[in-house]
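Step one of this worksheet: look at the structure below.
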2 protein chains.
Amino acid sequence: MSRAEQREQTRRALLRESRRLFAAEGYGAVGLSQIVNAVGVTKGALYHHFDDKMALFRAVLAQVQDEVGRRVATTADAEPDPWDQFVAGCHAFLTASADPDIQRIMLIDGPAVLGWNEWRAFDEAASARHLTDALTRLIEAGVIARQPIAPLTHLLSGAMNEAALWLATSTDPGALADTKAALTRILESLRT
Amino acid sequence: MSRAEQREQTRRALLRESRRLFAAEGYGAVGLSQIVNAVGVTKGALYHHFDDKMALFRAVLAQVQDEVGRRVATTADAEPDPWDQFVAGCHAFLTASADPDIQRIMLIDGPAVLGWNEWRAFDEAASARHLTDALTRLIEAGVIARQPIAPLTHLLSGAMNEAALWLATSTDPGALADTKAALTRILESLRT
DNA sequence: GCTTTCGCATACCAACGGTATGCGAAAAGG
DNA sequence: CCTTTTCGCATACCGTTGGTATGCGAAAGC
């Protein structure tokens, strides 16, 4: 195996196991020794690839955010109508964020480890950007009333984040449908 | 000074300094030595009053949540009309959560340190309970459409939490007013 | 006034994140 | 080919942290 291949493989393995452990036990509860043991390397390898534990988490978070962003974007893009794109994207986000592993990394530990500012930058780059874009288009098209976009983006983003967290712990089988219905009612209220 | 008084005084001082430091630097970045140095005691005193670092954070969080809950409740109770109570309570929550210190403890570190489940229990006991109560009354009174309350509670709670976090970093002086306006529009949409 | 209680200090430990250095194989150069 | 350099990673080590076990001295009970 070439040196570049070996390097890439080790890096991937570190990211894979870190993600698994961070999701299962949380950032604070996972030691670096746990990670390197699971991968079968030593801390030397870890610090050769990442500056510190926070950088490792950053890489894992970027990966998770990217996945969620992709799912939201592809689902939304499948709809021809801008309004349907918007609603479909919101629903796709709820569905994608249903995974407890994704939640722990993206919604729980993310803000605490990186601080809210940096976490926001990640979220903006991955999924909230689509929300802003959609709202902008809908306002330009006159589908919803002209109004400041940023407050609305954060209200909706927060609503969906918290709803996703709640859904993960809810035992009610109809909870997802009820939440989507309530969210849809709120979204509908934005239409002119 | 009696022994009970001394005990109480030490405990209060520990809570006060912990809250200050947790708010300023975050749970993870604050060491127990920092806290006991700031108070002028030793770790022996700290561990005499609290089981561990997490229990100390729990006590601080309970205090913060209680304060916010009180502010929301008193503001809401000042309004005679149930609908006005509801809107006033939501606005009061936004205002109370504007403090970055409260945010760091209540919204950022809270879920990460305690896990979402335990954090939710705290939030439920302090402020989200008022939201649930208000929504229940409004539905019973026929002011808003009959619908499942839990999903709506979490959507609104999450919207306000995230909006509060955003407001703290926003430089736009009109951001608070814009957010309250957008929130009010969403709330209005719930009316029958 | 004698004993008990208890609030807190002292001294210590294991584990953790992080660093400095060494090694051996793959790549580069001639 | 053989030499030299590169570099991916291992080894060994350090300071700090959360947490514990024990000791002490003053207040509280009898």
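Numbers restart at 1 for each chain; the letters A, B, ... are given by sequence-line order, proteins then strands. Owing to the predicted nature of the structure, the values given are computational and were not obtained by experimental measurement.
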- Item | Side chain of B:Arg3 (C-beta onward), nearest among D:dG8, C:dC16, D:dA27 | D:dA27
- Query: When rounded to the nearest 0.5 angstrom, what distance separates SG in A:Cys90 from CG in A:Leu187?
  - Reply: 5.0 Å
- Note on the structure: Between the CG atom in A:Asn161 and the NE2 atom in A:His154, the distance rounded to the nearest 0.5 Å is 11.0 Å
- Of the listed nucleotides C:dA26, C:dC8, C:dG18, the one nearest the side chain of B:Gln6: C:dC8
- Message: Between A:Trp83 and A:Phe86 (judged by ring centroids, cut-off 6.0 Å), do the two rings come close enough to count as a pair?
- Response: yes
- Task: Assess the side chains of B:Thr184 and B:His91: does a donor N or O sit below 3.5 Å from an acceptor N or O?
- Result: yes
- Message: Classify B:Val30 by what it touches in the nucleic acid, base, sugar-phosphate, or nothing, heavy-atom distance under 4.0 Å.
- Response: sugar-phosphate
- Query: Start at the 5' end of DNA chain D and walk down; is the nucleotide closest to A:His48 or to B:Gln34 reached first?
  - Reply: A:His48
- Proximal nucleotide (of C:dC16, D:dG18, C:dC8) relative to the B:Lys43 side chain: D:dG18
- Message: Base of D:dG19, side chain of B:Lys53 - is there a donor-acceptor contact under 3.5 Å?
- Response: no
- Would one find a side-chain N or O of B:Ser33 under 4.0 angstrom from OP1 or OP2 of D:dT16? no
- Task: Consider the side chain of B:Tyr47, meaning its heavy atoms from C-beta on, and name the nucleotide among C:dA27, D:dT20, D:dT17 that approaches it most closely.
- Result: D:dT20
- Message: Tell me whether the side-chain N/O atoms of B:Thr10 come closer than 4.0 Å to OP1 or OP2 in C:dG7.
- Response: no
- Start at the 5' end of DNA chain D and walk down; is the nucleotide closest to A:Gly40 or to B:Tyr27 reached first? A:Gly40
